[in-house]
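Worksheet: one structure, shown below.
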There are 2 protein chains.
Amino acid sequence: MVVQELTDTEVDGIFHALSDTTRRDIVTRVILGEQSISALARHYDMSFAAVQKHVAVLERASLVTKERNGREQIVRGGMTTLRKAARLLDAYDEIWRQRAEALEGILAEGTKQIEIEADR
Amino acid sequence: MVVQELTDTEVDGIFHALSDTTRRDIVTRVILGEQSISALARHYDMSFAAVQKHVAVLERASLVTKERNGREQIVRGGMTTLRKAARLLDAYDEIWRQRAEALEGILAEGTKQIEIEADR
DNA sequence: GTAACCTACAACCAAATGGTTGTACAAGAA
DNA sequence: TTCTTGTACAACCATTTGGTTGTAGGTTAC
């Protein structure tokens, strides 16, 4: 499925980035208000370096951006990417509904036998 | 963030399951029409066992269900879980919009200085 | 019956993941 | 200047991941 100018690899990265509770929590915090990495790190029971790595994963997926401000690195939310992921999942729902409608149509016809992509 | 009767571990599993191109493709195929595992396997350049493992990952995340029919194992889409994931991502967008509105309100006030969860 | 097919599962492997500690360096504060 | 803070990055480690092959058992077809 091709949706919204995102490559498969990019989508892989987005969902991988979101597959960790700590990283999702970081996303929540930065969209509520940008934070320095060390400010973020104080919230978690792990080393600064570990949090730094989590932020790097999110940054690679364009879910957050970093911007240096003096000695601090400010992390902000990359909402467009998050929205793209949301719309991607909506697309599955869309396919599902279309298929449901198609099936209703077939049942309404009653006579024709249509094999839907059986492929076996 | 707590959303929709899903534990952190479950959400981890859902996003992890979706972080692989082959697995997303399997989801697409089964919501278009349920398929046996071997029928799915023919589409990919990897062993049957590898596809079996991918299906197992999706099943653990409740993104698909399996039902035996004779010697075949029929894979179907678990759309409710997919919808929950979509709504979860929508929730981030919701937070983002609320925050944007709050910031507008602050700017409109003009006089007060409000520190939003700076935490440093 | 035998043969072919579909599935399950174990064992194995290389690579990636998620954490750690340690070192180094720049920017602010005292 | 010196001290502290914030960051970057390398090295290391245990575990997980994503693939393989091989073996075994249950169905269906002939």
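All chains are named by letter (A, B, ...) in the order of the sequence lines, taking the proteins before the strands, and each is independently numbered beginning at 1.
- If you find the closest nucleotide of DNA chain C to Lys53(B) and to Ala49(A), the one lying nearer the 5' end belongs to Lys53(B).
- With hydrogens and angles ignored, the 3.5 Å screen pairs no side-chain donor or acceptor of Ser36(B) with any backbone N or O of Glu72(B).
- Within residues 64-71 of chain B, the residues having any heavy atom under 4.0 Å from DNA chain C are, by residue number, Lys66(B), Arg68(B), Arg71(B).
- Extent of DNA chain C lying under 4.0 Å from chain B heavy atoms, first and last nucleotide in 5' to 3' order, is dC5(C) to dA11(C).
- In the hydrophobic clustering of this structure, Ile14(A) does not group with Val57(A); members are Ile, Leu, Val, Met, Phe, Trp, Tyr whose side-chain heavy atoms approach within less than 4.5 Å, directly or through other members.
- Between the side chain of Arg68(A) and the backbone N or O of Gly70(A) there is at least one donor-acceptor pair closer than 3.5 Å.
- For DNA chain D, none of the residues of residues 54-63 of chain A falls under the heavy-atom distance limit of 4.0 Å.
- When each of Lys66(B), Glu67(B), Gln35(B) is checked for a side-chain contact (heavy atoms from CB on, under 4.5 Å) with Arg76(B), only Glu67(B) meets the rule.
- Looking only at side-chain heavy atoms (C-beta outward), His54(B) and Met46(B) come within less than 4.5 Å of each other.
- Under a 4.0 Å N-O distance rule, the pair Glu59(A)/Arg23(A) does not qualify as a salt bridge.
- Applying the side chain to side chain contact (heavy atoms under 4.5 Å, CB included) criterion to Ala56(B), with sequence neighbours excluded, gives no partner residue.
- The pair Arg24(A)-Asp20(A) does not count as a salt bridge, with every side-chain nitrogen at least 4.0 angstrom from each carboxylate oxygen.
- For Thr9(A), the side chain to side chain contact (heavy atoms under 4.5 Å, CB included) test picks out Thr7(A), with sequence neighbours left out.
- Counting heavy atoms from C-beta outward, Val11(B) and Thr21(A) have side chains that stay 4.5 Å or more apart.
- Within residues 12-22 of chain A, the residues approached by DNA chain C to less than 4.0 Å at the level of any non-hydrogen atom are His16(A), in residue-number order.
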